Amino acid sequence: MTTTDTRTSDAARALFTASFGAEPVGTWSSPGRVNLIGEHTDYNDGFVLPFAIQHRTHVALAPREDGRVRVVSTFDERTVEASLAELHALFPERRDEIPEWARYPLGVAWALLEASATHPESVTGVDLAFASDVPVGAGLSSSAAIEGATAVALAETWGLDLDRVALAQIGRRAENEAVGAPTGIMDQMASLLGRADSAIFLDCRTLDANVINLGFAAAGLELVVIDTGVKHSHATGGYGERRAACERGAAALGVPALRDVSLDDLPRLAELVDEVTFRRVRHVVTENQRVLDTVQTLREQGPTAIGDLLVASHASMRDDFEISVPELDTAVEAALSAGAVGARMTGGGFGGAAIALVAHDKVQAVTDAATAAFAASGFAAPTIFTVAPSAGAARD
Ligand code: ADP
Ligand code: MG
(Lines give C-alpha, C1' and ligand atoms only; values in the text may rest on other atoms or scores of the structure.)
(Ligands and ions follow the chains in the order given, each with its own letter.)
Protein backbone atom coordinates (compact mmCIF):
# COMPACT_ATOMS: atom_id res chain seq x y z
CA MET A 1 0.00 0.00 0.00
CA THR A 2 1.10 3.55 -0.62
CA THR A 3 1.28 6.09 2.18
CA THR A 4 -2.08 7.69 1.38
CA ASP A 5 -3.56 4.27 1.08
CA THR A 6 -2.22 3.21 4.47
CA ARG A 7 -3.74 6.36 5.94
CA THR A 8 -7.16 5.61 4.48
CA SER A 9 -6.97 2.03 5.64
CA ASP A 10 -6.03 3.29 9.13
CA ALA A 11 -8.97 5.70 9.00
CA ALA A 12 -11.31 2.77 8.36
CA ARG A 13 -9.81 0.90 11.34
CA ALA A 14 -10.05 3.97 13.56
CA LEU A 15 -13.67 4.58 12.60
CA PHE A 16 -14.41 0.92 13.26
CA THR A 17 -12.94 1.06 16.75
CA ALA A 18 -14.63 4.38 17.57
CA SER A 19 -18.01 3.20 16.29
CA PHE A 20 -18.12 -0.41 17.42
CA GLY A 21 -15.72 -0.45 20.40
CA ALA A 22 -13.71 -3.42 19.12
CA GLU A 23 -10.91 -4.26 16.70
CA PRO A 24 -11.71 -5.30 13.11
CA VAL A 25 -10.40 -8.65 11.87
CA GLY A 26 -9.05 -7.00 8.73
CA THR A 27 -9.49 -4.37 6.05
CA TRP A 28 -10.28 -4.79 2.37
CA SER A 29 -10.29 -2.15 -0.34
CA SER A 30 -11.37 -1.46 -3.89
CA PRO A 31 -10.38 1.43 -6.16
CA GLY A 32 -12.13 4.16 -8.07
CA ARG A 33 -11.61 4.21 -11.81
CA VAL A 34 -11.05 6.46 -14.76
CA ASN A 35 -12.51 5.55 -18.10
CA LEU A 36 -9.81 6.10 -20.70
CA ILE A 37 -12.30 5.84 -23.56
CA GLY A 38 -15.72 4.33 -24.29
CA GLU A 39 -18.44 6.53 -22.81
CA HIS A 40 -22.12 5.50 -22.71
CA THR A 41 -21.19 2.37 -24.63
CA ASP A 42 -21.57 0.02 -21.65
CA TYR A 43 -25.36 -0.13 -21.53
CA ASN A 44 -25.37 -0.48 -25.31
CA ASP A 45 -23.56 -3.85 -24.99
CA GLY A 46 -20.42 -2.19 -26.38
CA PHE A 47 -16.76 -1.74 -25.45
CA VAL A 48 -15.06 0.29 -22.73
CA LEU A 49 -11.46 0.78 -21.62
CA PRO A 50 -11.33 1.88 -17.96
CA PHE A 51 -8.50 1.55 -15.49
CA ALA A 52 -8.47 1.37 -11.71
CA ILE A 53 -6.78 4.31 -9.96
CA GLN A 54 -4.77 4.62 -6.77
CA HIS A 55 -7.66 6.18 -4.85
CA ARG A 56 -9.45 3.49 -2.86
CA THR A 57 -12.33 2.85 -0.50
CA HIS A 58 -11.32 0.74 2.49
CA VAL A 59 -13.61 -1.24 4.73
CA ALA A 60 -12.74 -2.58 8.17
CA LEU A 61 -14.79 -5.63 9.15
CA ALA A 62 -15.50 -7.87 12.10
CA PRO A 63 -18.10 -10.63 12.36
CA ARG A 64 -20.87 -10.42 14.94
CA GLU A 65 -22.99 -13.15 16.45
CA ASP A 66 -26.55 -11.89 16.07
CA GLY A 67 -27.13 -11.96 12.29
CA ARG A 68 -27.20 -8.19 12.04
CA VAL A 69 -25.19 -5.94 9.73
CA ARG A 70 -24.10 -2.49 10.88
CA VAL A 71 -22.44 0.04 8.55
CA VAL A 72 -20.74 3.35 9.26
CA SER A 73 -18.74 5.70 7.04
CA THR A 74 -16.52 8.71 7.54
CA PHE A 75 -19.10 10.41 5.26
CA ASP A 76 -21.87 10.07 7.83
CA GLU A 77 -20.97 8.79 11.26
CA ARG A 78 -24.44 7.62 12.18
CA THR A 79 -24.50 3.85 12.17
CA VAL A 80 -27.13 2.22 9.98
CA GLU A 81 -28.20 -1.32 10.83
CA ALA A 82 -30.42 -4.10 9.58
CA SER A 83 -30.71 -7.82 10.09
CA LEU A 84 -29.42 -10.00 7.25
CA ALA A 85 -32.75 -11.80 7.29
CA GLU A 86 -34.71 -8.64 6.50
CA LEU A 87 -32.57 -7.48 3.55
CA HIS A 88 -34.71 -9.35 1.03
CA ALA A 89 -37.76 -7.45 2.29
CA LEU A 90 -35.97 -4.08 2.15
CA PHE A 91 -34.62 -4.39 -1.40
CA PRO A 92 -35.75 -3.12 -3.71
CA GLU A 93 -39.27 -2.22 -2.50
CA ARG A 94 -38.52 -0.54 0.81
CA ARG A 95 -35.09 0.87 0.03
CA ASP A 96 -36.27 4.41 0.83
CA GLU A 97 -36.27 3.46 4.51
CA ILE A 98 -32.45 3.30 4.40
CA PRO A 99 -30.18 6.37 4.13
CA GLU A 100 -28.95 6.56 0.55
CA TRP A 101 -25.25 5.91 1.15
CA ALA A 102 -25.98 2.80 3.27
CA ARG A 103 -27.95 1.24 0.39
CA TYR A 104 -24.61 0.63 -1.36
CA PRO A 105 -23.07 -1.71 1.25
CA LEU A 106 -26.38 -3.17 2.45
CA GLY A 107 -27.41 -3.64 -1.17
CA VAL A 108 -24.20 -5.55 -1.86
CA ALA A 109 -24.86 -7.78 1.17
CA TRP A 110 -28.37 -8.44 -0.15
CA ALA A 111 -27.22 -9.11 -3.74
CA LEU A 112 -24.42 -11.42 -2.51
CA LEU A 113 -26.86 -13.54 -0.52
CA GLU A 114 -29.26 -13.68 -3.46
CA ALA A 115 -26.61 -14.50 -6.07
CA SER A 116 -25.13 -17.32 -4.01
CA ALA A 117 -28.53 -18.57 -2.82
CA THR A 118 -27.17 -18.28 0.71
CA HIS A 119 -29.62 -18.43 3.57
CA PRO A 120 -29.06 -15.35 5.78
CA GLU A 121 -28.97 -17.53 8.88
CA SER A 122 -26.10 -19.60 7.51
CA VAL A 123 -23.65 -16.66 7.53
CA THR A 124 -22.34 -14.44 10.27
CA GLY A 125 -23.50 -10.89 10.93
CA VAL A 126 -20.92 -8.16 10.31
CA ASP A 127 -19.87 -4.69 11.38
CA LEU A 128 -18.40 -2.59 8.53
CA ALA A 129 -16.63 0.79 8.72
CA PHE A 130 -15.74 2.65 5.51
CA ALA A 131 -13.14 5.30 4.74
CA SER A 132 -12.25 6.49 1.25
CA ASP A 133 -10.03 8.86 -0.65
CA VAL A 134 -12.00 8.49 -3.90
CA PRO A 135 -13.51 11.87 -4.76
CA VAL A 136 -17.31 11.55 -4.76
CA GLY A 137 -19.43 12.53 -7.75
CA ALA A 138 -16.36 13.41 -9.84
CA GLY A 139 -16.88 10.60 -12.33
CA LEU A 140 -14.23 8.47 -10.61
CA SER A 141 -16.78 5.96 -9.35
CA SER A 142 -16.68 6.13 -5.60
CA SER A 143 -19.85 4.03 -5.89
CA ALA A 144 -18.05 1.08 -7.50
CA ALA A 145 -15.26 1.46 -4.93
CA ILE A 146 -17.61 1.07 -1.96
CA GLU A 147 -19.43 -1.78 -3.71
CA GLY A 148 -16.19 -3.57 -4.59
CA ALA A 149 -14.74 -3.21 -1.10
CA THR A 150 -17.95 -4.54 0.45
CA ALA A 151 -18.17 -7.40 -2.05
CA VAL A 152 -14.63 -8.74 -1.54
CA ALA A 153 -14.82 -8.31 2.25
CA LEU A 154 -18.14 -10.13 2.60
CA ALA A 155 -17.39 -12.83 0.00
CA GLU A 156 -14.22 -13.78 1.89
CA THR A 157 -15.83 -13.54 5.33
CA TRP A 158 -18.80 -15.63 4.27
CA GLY A 159 -16.65 -18.11 2.33
CA LEU A 160 -18.60 -17.59 -0.91
CA ASP A 161 -17.05 -19.03 -4.03
CA LEU A 162 -17.71 -16.20 -6.47
CA ASP A 163 -15.27 -14.92 -9.07
CA ARG A 164 -14.52 -11.26 -9.78
CA VAL A 165 -16.99 -11.02 -12.63
CA ALA A 166 -19.74 -12.37 -10.38
CA LEU A 167 -18.79 -9.81 -7.71
CA ALA A 168 -18.97 -7.04 -10.33
CA GLN A 169 -22.46 -8.19 -11.29
CA ILE A 170 -23.45 -8.15 -7.63
CA GLY A 171 -22.19 -4.57 -7.27
CA ARG A 172 -24.12 -3.54 -10.33
CA ARG A 173 -27.29 -5.19 -9.07
CA ALA A 174 -26.91 -3.38 -5.74
CA GLU A 175 -26.47 -0.06 -7.52
CA ASN A 176 -29.38 -0.65 -9.92
CA GLU A 177 -31.91 -2.16 -7.54
CA ALA A 178 -30.90 -1.31 -3.99
CA VAL A 179 -29.74 2.26 -4.71
CA GLY A 180 -31.91 2.84 -7.78
CA ALA A 181 -29.20 4.16 -10.14
CA PRO A 182 -29.54 2.71 -13.67
CA THR A 183 -25.82 2.25 -14.38
CA GLY A 184 -23.88 -0.28 -16.46
CA ILE A 185 -21.21 -2.73 -15.28
CA MET A 186 -18.03 -0.96 -16.40
CA ASP A 187 -17.20 0.67 -13.06
CA GLN A 188 -17.49 -2.50 -11.02
CA MET A 189 -15.43 -4.51 -13.52
CA ALA A 190 -12.65 -1.90 -13.48
CA SER A 191 -12.64 -1.69 -9.70
CA LEU A 192 -12.55 -5.45 -9.21
CA LEU A 193 -10.25 -6.46 -12.09
CA GLY A 194 -7.79 -3.53 -12.27
CA ARG A 195 -4.04 -4.13 -12.67
CA ALA A 196 -1.06 -1.81 -12.23
CA ASP A 197 -0.04 0.02 -15.44
CA SER A 198 -2.99 -1.50 -17.26
CA ALA A 199 -6.51 -0.86 -18.47
CA ILE A 200 -9.35 -3.36 -18.70
CA PHE A 201 -10.69 -3.80 -22.22
CA LEU A 202 -14.20 -4.93 -21.51
CA ASP A 203 -16.82 -6.31 -23.85
CA CYS A 204 -19.98 -5.31 -22.01
CA ARG A 205 -22.07 -7.93 -23.83
CA THR A 206 -20.01 -11.00 -23.06
CA LEU A 207 -18.17 -9.54 -20.03
CA ASP A 208 -14.94 -10.75 -21.61
CA ALA A 209 -12.21 -8.68 -19.98
CA ASN A 210 -8.67 -8.33 -21.32
CA VAL A 211 -5.81 -6.60 -19.55
CA ILE A 212 -4.20 -4.04 -21.86
CA ASN A 213 -0.79 -2.66 -20.99
CA LEU A 214 -0.91 1.15 -20.97
CA GLY A 215 2.78 1.89 -20.55
CA PHE A 216 2.17 5.50 -19.49
CA ALA A 217 5.17 5.67 -17.17
CA ALA A 218 7.53 4.06 -19.68
CA ALA A 219 6.44 6.63 -22.27
CA GLY A 220 6.95 9.51 -19.83
CA LEU A 221 3.23 10.23 -19.70
CA GLU A 222 0.93 11.15 -16.82
CA LEU A 223 -2.84 10.99 -16.72
CA VAL A 224 -4.10 14.27 -15.29
CA VAL A 225 -7.61 14.52 -13.85
CA ILE A 226 -9.26 17.93 -13.91
CA ASP A 227 -12.24 17.70 -11.58
CA THR A 228 -14.59 20.54 -12.46
CA GLY A 229 -16.44 20.27 -9.15
CA VAL A 230 -19.72 20.32 -11.07
CA LYS A 231 -21.78 17.52 -9.51
CA HIS A 232 -23.43 15.08 -11.84
CA SER A 233 -26.43 13.08 -10.76
CA HIS A 234 -27.88 9.92 -12.29
CA ALA A 235 -31.20 10.95 -10.81
CA THR A 236 -31.66 13.89 -13.19
CA GLY A 237 -33.29 13.34 -16.56
CA GLY A 238 -30.29 13.56 -18.90
CA TYR A 239 -28.94 10.07 -18.35
CA GLY A 240 -32.28 8.31 -18.71
CA GLU A 241 -33.09 10.32 -21.80
CA ARG A 242 -29.82 9.28 -23.45
CA ARG A 243 -30.53 5.64 -22.68
CA ALA A 244 -34.00 5.97 -24.15
CA ALA A 245 -32.59 7.49 -27.35
CA CYS A 246 -30.17 4.57 -27.68
CA GLU A 247 -33.03 2.09 -27.26
CA ARG A 248 -35.05 3.92 -29.92
CA GLY A 249 -32.12 3.74 -32.32
CA ALA A 250 -31.61 0.01 -31.77
CA ALA A 251 -35.35 -0.65 -32.16
CA ALA A 252 -35.47 1.36 -35.42
CA LEU A 253 -32.72 -0.85 -36.87
CA GLY A 254 -34.22 -4.03 -35.43
CA VAL A 255 -31.14 -4.99 -33.39
CA PRO A 256 -30.92 -5.90 -29.69
CA ALA A 257 -28.43 -3.14 -28.87
CA LEU A 258 -26.33 -0.43 -30.55
CA ARG A 259 -23.38 -2.78 -30.26
CA ASP A 260 -24.86 -4.45 -33.33
CA VAL A 261 -24.81 -1.26 -35.40
CA SER A 262 -21.77 -0.46 -37.54
CA LEU A 263 -20.59 2.80 -39.06
CA ASP A 264 -21.98 1.58 -42.40
CA ASP A 265 -25.51 1.39 -40.94
CA LEU A 266 -25.60 5.07 -40.02
CA PRO A 267 -26.82 6.45 -43.38
CA ARG A 268 -29.80 4.06 -43.25
CA LEU A 269 -30.57 5.06 -39.67
CA ALA A 270 -30.69 8.73 -40.66
CA GLU A 271 -33.83 7.89 -42.69
CA LEU A 272 -35.52 6.11 -39.79
CA VAL A 273 -35.19 8.35 -36.74
CA ASP A 274 -35.29 12.03 -35.83
CA GLU A 275 -32.14 14.12 -35.99
CA VAL A 276 -31.47 14.11 -32.23
CA THR A 277 -31.84 10.35 -31.91
CA PHE A 278 -29.53 9.96 -34.91
CA ARG A 279 -26.79 12.01 -33.27
CA ARG A 280 -27.15 10.08 -29.99
CA VAL A 281 -26.71 6.81 -31.87
CA ARG A 282 -23.82 8.15 -33.93
CA HIS A 283 -21.96 8.94 -30.73
CA VAL A 284 -22.32 5.38 -29.43
CA VAL A 285 -21.43 3.73 -32.73
CA THR A 286 -18.37 5.89 -33.37
CA GLU A 287 -17.30 5.64 -29.71
CA ASN A 288 -17.37 1.85 -29.87
CA GLN A 289 -15.08 2.01 -32.88
CA ARG A 290 -12.78 4.43 -31.05
CA VAL A 291 -12.38 1.96 -28.19
CA LEU A 292 -11.34 -0.76 -30.64
CA ASP A 293 -8.98 1.67 -32.37
CA THR A 294 -7.48 2.76 -29.04
CA VAL A 295 -6.74 -0.84 -28.03
CA GLN A 296 -5.11 -1.51 -31.38
CA THR A 297 -3.12 1.73 -31.22
CA LEU A 298 -1.90 0.98 -27.68
CA ARG A 299 -0.75 -2.47 -28.77
CA GLU A 300 0.94 -1.36 -31.97
CA GLN A 301 2.19 2.17 -31.31
CA GLY A 302 1.96 2.86 -27.59
CA PRO A 303 0.10 5.48 -25.55
CA THR A 304 1.53 8.61 -27.16
CA ALA A 305 -0.42 7.74 -30.33
CA ILE A 306 -3.92 7.69 -28.79
CA GLY A 307 -4.31 11.46 -28.39
CA ASP A 308 -6.48 12.05 -31.47
CA LEU A 309 -8.88 9.31 -30.40
CA LEU A 310 -9.35 10.97 -27.01
CA VAL A 311 -10.00 14.33 -28.66
CA ALA A 312 -12.49 12.82 -31.12
CA SER A 313 -14.29 11.13 -28.22
CA HIS A 314 -14.71 14.46 -26.47
CA ALA A 315 -16.05 16.17 -29.60
CA SER A 316 -18.58 13.37 -30.06
CA MET A 317 -19.83 13.71 -26.48
CA ARG A 318 -20.00 17.48 -26.76
CA ASP A 319 -21.70 17.70 -30.15
CA ASP A 320 -23.57 14.43 -30.74
CA PHE A 321 -24.40 13.07 -27.29
CA GLU A 322 -24.56 16.55 -25.71
CA ILE A 323 -23.44 15.51 -22.25
CA SER A 324 -20.57 17.93 -21.79
CA VAL A 325 -20.81 21.20 -19.85
CA PRO A 326 -18.83 24.44 -20.38
CA GLU A 327 -16.46 23.58 -17.51
CA LEU A 328 -15.52 20.25 -19.14
CA ASP A 329 -15.01 21.84 -22.57
CA THR A 330 -12.84 24.53 -20.97
CA ALA A 331 -10.73 21.91 -19.18
CA VAL A 332 -10.18 19.93 -22.39
CA GLU A 333 -9.35 23.00 -24.49
CA ALA A 334 -6.95 24.36 -21.86
CA ALA A 335 -5.16 21.03 -21.55
CA LEU A 336 -4.74 20.68 -25.31
CA SER A 337 -3.56 24.27 -25.69
CA ALA A 338 -0.90 23.62 -23.03
CA GLY A 339 0.43 20.63 -24.97
CA ALA A 340 -1.53 17.60 -23.72
CA VAL A 341 -1.28 14.57 -26.04
CA GLY A 342 -5.06 14.21 -25.79
CA ALA A 343 -7.94 15.13 -23.49
CA ARG A 344 -11.61 14.34 -23.01
CA MET A 345 -14.37 14.44 -20.46
CA THR A 346 -14.71 11.13 -18.62
CA GLY A 347 -17.64 9.50 -16.86
CA GLY A 348 -21.32 9.92 -17.48
CA GLY A 349 -21.23 13.65 -18.21
CA PHE A 350 -23.16 16.71 -17.02
CA GLY A 351 -20.24 17.52 -14.73
CA GLY A 352 -17.48 15.52 -13.11
CA ALA A 353 -13.97 15.39 -14.47
CA ALA A 354 -11.93 15.67 -17.64
CA ILE A 355 -8.77 13.64 -18.23
CA ALA A 356 -5.67 14.70 -20.09
CA LEU A 357 -2.77 12.53 -21.22
CA VAL A 358 0.28 14.69 -20.66
CA ALA A 359 4.06 14.38 -20.97
CA HIS A 360 5.60 14.45 -17.52
CA ASP A 361 7.31 17.81 -18.07
CA LYS A 362 4.07 19.46 -19.21
CA VAL A 363 1.90 18.54 -16.23
CA GLN A 364 2.55 21.86 -14.53
CA ALA A 365 1.76 23.82 -17.70
CA VAL A 366 -1.52 21.91 -18.16
CA THR A 367 -2.42 22.49 -14.51
CA ASP A 368 -1.70 26.20 -14.78
CA ALA A 369 -3.57 26.54 -18.08
CA ALA A 370 -6.70 24.83 -16.75
CA THR A 371 -6.63 26.86 -13.54
CA ALA A 372 -6.23 30.10 -15.48
CA ALA A 373 -8.95 29.22 -18.00
CA PHE A 374 -11.43 28.43 -15.21
CA ALA A 375 -10.65 31.72 -13.47
CA ALA A 376 -11.03 33.65 -16.73
CA SER A 377 -14.47 32.06 -17.30
CA GLY A 378 -15.62 32.77 -13.75
CA PHE A 379 -15.82 29.04 -12.86
CA ALA A 380 -14.93 27.76 -9.38
CA ALA A 381 -11.31 26.55 -9.29
CA PRO A 382 -10.93 22.93 -10.49
CA THR A 383 -9.20 20.23 -8.47
CA ILE A 384 -6.31 18.83 -10.48
CA PHE A 385 -4.32 15.68 -9.73
CA THR A 386 -2.66 12.77 -11.50
CA VAL A 387 -3.84 9.17 -11.37
CA ALA A 388 -1.86 6.00 -11.94
CA PRO A 389 -3.36 2.78 -13.33
CA SER A 390 -3.50 0.56 -10.24
CA ALA A 391 -4.50 -2.81 -8.85
CA GLY A 392 -8.13 -3.80 -8.26
CA ALA A 393 -9.94 -4.93 -5.12
CA ALA A 394 -7.97 -6.88 -2.53
CA ARG A 395 -7.57 -7.61 1.14
CA ASP A 396 -5.18 -4.92 2.45
P1 ADP B 1 -19.44 8.54 -8.28
O2 ADP B 1 -19.54 7.06 -8.34
O3 ADP B 1 -19.17 9.17 -9.60
O4 ADP B 1 -18.48 9.04 -7.25
P5 ADP B 1 -22.19 8.22 -7.54
O6 ADP B 1 -23.33 9.18 -7.41
O7 ADP B 1 -22.33 7.08 -8.46
O8 ADP B 1 -20.89 9.08 -7.86
O9 ADP B 1 -21.88 7.59 -6.11
C10 ADP B 1 -21.61 8.44 -5.01
C11 ADP B 1 -22.39 7.97 -3.81
O12 ADP B 1 -21.85 6.72 -3.33
C13 ADP B 1 -22.26 8.89 -2.62
O14 ADP B 1 -23.19 9.96 -2.70
C15 ADP B 1 -22.57 7.94 -1.47
O16 ADP B 1 -23.95 7.73 -1.36
C17 ADP B 1 -21.94 6.65 -1.93
N18 ADP B 1 -20.55 6.51 -1.42
C19 ADP B 1 -19.42 6.43 -2.14
N20 ADP B 1 -18.34 6.27 -1.34
C21 ADP B 1 -18.79 6.25 -0.07
C22 ADP B 1 -18.18 6.12 1.22
N23 ADP B 1 -16.85 5.98 1.36
N24 ADP B 1 -18.98 6.17 2.29
C25 ADP B 1 -20.31 6.29 2.16
N26 ADP B 1 -20.95 6.40 0.99
C27 ADP B 1 -20.22 6.40 -0.12
MG1 MG C 1 -20.95 6.02 -9.52
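Both ligands and their constituent atoms are indexed starting at 1 by order of listing. Fair warning: this is a prediction, and the values are worked out from it, not measured in the lab.
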Counting only heavy atoms, which portion of V136 has something under 4.0 Å from ligand 1: side chain, backbone, both, or neither?
both
Answer side chain, backbone, both or neither: which part of F75 comes under 4.0 Å from ligand 1, heavy atoms only.
side chain
Qualifying residue for side-chain hydrogen bond (donor to acceptor under 3.5 Å, both in side chains) with D293, from Q296, R290, Q289
Q289
Between ligand 1 and T57, is the shortest N or O to N or O distance under 3.5 Å?
no
Give the atoms of ligand 1, by number and element, whose distance to some non-hydrogen atom of I146 is under 4.0 Å.
21 (C), 22 (C), 24 (N), 25 (C), 26 (N), 27 (C)
The Mg ion (ligand 2) reached by S143 (N, O or S, under 2.8 Å):
yes
Among A102, G32, S142, which residue places a heavy atom closest to atom 1 (P) of ligand 1?
S142
For a quick test of your reading: what N or O donor-acceptor pairs under 3.5 Å do the side chains of residues 333-354 make, sequence neighbours left out?
residue: S337; atom: OG; partner: E333; partner atom: O; Å: 3.3
residue: S337; atom: OG; partner: A334; partner atom: O; Å: 2.8
residue: R344; atom: NE; partner: S313; partner atom: OG; Å: 3.0
residue: R344; atom: NH1; partner: N35; partner atom: O; Å: 2.8
residue: R344; atom: NH1; partner: L36; partner atom: O; Å: 2.9
residue: R344; atom: NH1; partner: E39; partner atom: OE1; Å: 3.4
residue: R344; atom: NH2; partner: E39; partner atom: OE1; Å: 2.5
residue: T346; atom: OG1; partner: N35; partner atom: N; Å: 3.4
residue: T346; atom: OG1; partner: N35; partner atom: O; Å: 2.9

Please say which of I323, L258, V48 ends up in a side chain to side chain contact (heavy atoms under 4.5 Å, CB included) with H40.
I323
Considering G352, S132, A144 one by one, which has a heavy atom nearer to atom 23 (N) of ligand 1 than any of the others?
S132
Looking at W110 versus F91, is the centre-to-centre ring distance below 6.0 Å?
yes
Do the side chains of R279 and D319 get close enough for a salt bridge, i.e. N-O under 4.0 angstrom?
no
Counting heavy atoms only, which of Y104, W101, F130 comes nearest to atom 12 (O) of ligand 1?
Y104
Any side chain to side chain donor-acceptor pair (under 3.5 Å) involving residues 207-227? Give me the pairs, sequence neighbours left out, ordered by first then second residue.
E222-H360
Mind checking whether S73 contacts ligand 1 via backbone (N, CA, C, O), side chain (CB onward), both or neither, at a 4.0 Å heavy-atom cut-off?
side chain
Taking 4.0 angstrom as the limit, do R95 and E100 come out as a salt bridge?
no
